[in-house]
Amino acid sequence: MSKNYFKIIRGGINTTFQDQGRKNLYHIGIPFSGAMDNRNYLLANKLVGNKSEAPIIEFAYQGPLLKYFGTKINIAITGDVNFIINRNSNQIIGKCYQSITLENEDELDIISTNKSVYGYLGISAELKLKFQWSSCSTNTKARIGANDGSKLKENQEIDILKINKNLTNTKLDYTNTKIEKIRVIKGTNFDYFSENGKKIFFEKEFTVSKLSDRMGMRLEGTKIENITDTNIKSEGLIKGVIQVPADGNPIIMLSDHGTIGGYPKIGVVISADYDKLVQLTPGSKIKFQEVNLASAESLFKLYELETQNLISQI
Amino acid sequence: MIKNISNLGDAALYCDFGGEVNKEINTEVIQYFRSIKKEKIPGINNLTPSYNKLIISFDLKKTNYKDLKNLIENFNINKYEKFKNKKIEIPVCCDESLGLDITRLEEKLNIDREKIYENFFRKNFFCYMTGFIAGMPFLGDLDSNMRVKRLETPRVKVPKGSIGITEQFVNIYTFESPGGWNIIGNTPLKIFDKIQETDPNLINPGDTVVFKKITKDQFRNYNE
């Protein structure tokens, strides 16, 4: 039996293997990681008939160019992504949210995400990957996870252990929507900020900075004034926490965040808005809107229901 | 004891043990952390102990703030035995090529380097917490005459193994990372080993650490 594999011709900007992330390691300094946009991760796996927790390829802005060698295999791409398939000398324009059958020597060129950051490539197969703490999620800063903790690079190969032979066609009618108001719960240091600072936080617009990655999203805007202390005794963080350092510009903790931080927490993004938050590209304008805990919990239930509903349509 | 529990967002409990940083409060935090961890409570997906706080984050699909708060408020830690702590010796080379900020520290503290190192090497340090980056221990306490602030401009790259000091604390950079601590030396010892899945951290909260001076030759030829 000959081997089935993908050869990477172009790695893309930030292409990594991800899954649902790793739990119970914050106390030793290892963050959750995992797919940034969880809904699109789940949908990609469902479209190719994988288990919901299967590894996936996540890419940002510009995706990889892969050449496939082997017997027929299904793939699917989710997010808002421009891609093409080169087959012999023909070019097929790719469509997101539907399964595509690749043949031997097909090239999959994931050109770019469209006004969004992350996209997902699901492959209907078991990939040869190394797991650490029951997860393949790659954390490039700590060099943990599949692919030796590194981004996918040109000339490397992705080996396939077993192809799912059931090549059913699947399709979902879904369009990603944009978010302009990020809903937040007040943080544990909300009162460290001046009345004017609090007002600025909830009323002014902020711009997503270029200095944003899987660890955090930096924002720029009117300076938020701290009247108590610009440092706190270092304590635990979770994803979605909004810290404000001395320069007055908020930083939102994302999936690969440092597990401990010493800047005051002005707010925390609600779980229901996380997938949409991470898709905001540098230059995007956002506003924060306060919600209470009860609302955040109902909004999460709604988000979960929508996700399950989409999955069941595939 | 936990003084107050509040919510950090919609999927975490913020357990406050007080405002001060001392060994007594931190020991309570660690006792809670270890006891809750041992209980494997469904829905909890992370516990982060720090100097005087414990953050318990959970899966909102499986539980919620109110139920988990109730459970933690009634959690009986007395039935758990005291946990054993280790004493660990860390070799450190203080050659000027590795103690990047020693000259700056001499000026800031107004103490000469011999005295700085003498003070540093005779102390026992207590590990308050680990984290920020994988395996990084936060150790204390330095004597009051040894305390300085972070660098005004943090380094983009602090070399792996660097020993840094700031305020009353000492830490060890387990891998190359950005950072603003004042670097006084470097250890060749592996502090975080990702290959060891069950216990990747050499130093854990509650442990005691002593540093031992080694020469540049010993540093170069160090074999674990």
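So you know, we letter chains A, B, ... as the sequences are listed, proteins then strands, and number each from 1. Being a predicted model, the structure only gives us computed values, none of them experimental.
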**Q** Let me check something: any side-chain donor-acceptor pairs from residues 36-46 of chain B under 3.5 Å, sequence neighbours excluded? List them with distances.
**A**
| unit_1 | atom_1 | unit_2 | atom_2 | d |
| --- | --- | --- | --- | --- |
| B:Lys38 | NZ | B:Glu81 | OE1 | 3.4 |
| B:Lys38 | NZ | B:Glu81 | OE2 | 3.4 |
| B:Glu39 | OE1 | B:Tyr80 | OH | 2.2 |
| B:Asn45 | OD1 | B:Ser57 | OG | 3.4 |
| B:Asn46 | OD1 | A:Asn24 | N | 3.1 |
| B:Asn46 | OD1 | A:Leu25 | N | 3.0 |
| B:Asn46 | OD1 | A:Tyr26 | N | 3.0 |

**Q** Scan the side chains in residues 232-239 of chain A for donor-acceptor partners under 3.5 Å anywhere in the protein, sequence neighbours excluded, and list what turns up.
**A**
| unit_1 | atom_1 | unit_2 | atom_2 | d |
| --- | --- | --- | --- | --- |
| A:Glu235 | OE1 | B:Tyr14 | OH | 3.0 |
| A:Glu235 | OE2 | A:Lys265 | NZ | 2.7 |
| A:Glu235 | OE2 | B:Tyr14 | OH | 3.0 |

**Q** Quick one: which of B:Ala134, B:Gly19, B:Pro49 has the most heavy-atom pairs under 4.5 Å with chain A, could you say?
**A**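 Heavy-atom pairs under 4.5 Å are most numerous for B:Ala134.
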**Q** Could you give all pairs that pass the ring pair (Phe, Tyr, Trp, His ring centres under 6.0 Å) test and reach residues 170-194 of chain B, with sequence neighbours left out?
**A**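 Ring pair (Phe, Tyr, Trp, His ring centres under 6.0 Å) check on residues 170-194 of chain B returns B:Phe138-B:Trp181.
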**Q** Within the 4.5 Å heavy-atom criterion, are A:Leu277 and A:Leu280 side-chain neighbours or not?
**A**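 In contact.
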**Q** Mind telling me whether B:Tyr128 and B:Tyr51 have parallel, tilted or perpendicular rings, with 30° and 60° as the class edges?
**A**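 It falls in the perpendicular class, over 60°.
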**Q** Less than 4.5 Å to any heavy atom of chain B: does that hold for the side chain of A:Val241, its backbone, both, or neither?
**A**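 For A:Val241, side-chain heavy atoms alone lie under 4.5 Å from chain B.
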**Q** Tell me, for B:Asn201 versus chain A, whether the close heavy atoms (under 4.5 Å) come from the side chain, the backbone, both or neither.
**A**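 Only the side chain of B:Asn201 comes within 4.5 Å of chain A.
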**Q** Which bit of B:Phe33 comes within less than 4.5 Å of chain A, counting heavy atoms only: side chain, backbone, both or neither?
**A**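 The side chain, not the backbone.
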**Q** Return the option, out of B:Leu60, B:Leu47, B:Ile55, B:Ile133, with the maximum number of heavy-atom pairs under 4.5 Å with chain A.
**A**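 It is B:Leu60.
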**Q** Pick out which of A:Ser52, A:Ser137, A:Ser33, A:Ser134 makes a side chain to side chain donor-acceptor pair (under 3.5 Å) with A:Asp19.
**A**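 Of the listed residues A:Ser52, A:Ser137, A:Ser33, A:Ser134, the side chain to side chain donor-acceptor pair (under 3.5 Å) partner of A:Asp19 is A:Ser137.
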**Q** Checking side-chain contact (heavy atoms from CB on, under 4.5 Å) for the pair B:Leu202/B:Lys190: CA distance, chi angles, key distance, verdict?
**A** CA-CA 8 Å; B:Leu202 178 68; B:Lys190 199 178 260 180; over 6 Å; no
**Q** Heavy-atom distance under 4.5 Å to chain B: side chain of A:Ile185, backbone, both or neither?
**A**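 Answer is side chain: those atoms of A:Ile185 sit under 4.5 Å from chain B.
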**Q** Any salt bridge linking A:Lys141 with A:Asp213? Criterion: basic side-chain nitrogen under 4.0 Å from a carboxylate oxygen.
**A**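 So A:Lys141 pairs with A:Asp213 through a salt bridge.
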**Q** Within residues 298-314 of chain A, which residues come under 4.5 Å of chain B, heavy atom to heavy atom?
**A**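 Within residues 298-314 of chain A, near chain B: A:Phe300, A:Glu304.
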**Q** Can we say B:Arg155 and B:Asp101 salt-bridge, meaning some charged N sits less than 4.0 Å from an Asp/Glu carboxylate O?
**A**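 Salt bridge: yes.
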**Q** Look at A:Val269, A:Ile30, A:Val184, A:Asn139 and state which one has the largest set of heavy-atom pairs under 4.5 Å with chain B.
**A**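 When all of A:Val269, A:Ile30, A:Val184, A:Asn139 are compared, A:Ile30 has the most.
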**Q** Using a 4.5 angstrom heavy-atom cutoff, name the option from B:Glu197, B:Lys61, B:Lys53, B:Met129 with the most pairs to chain A.
**A**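 Heavy-atom pairs under 4.5 Å are most numerous for B:Glu197.
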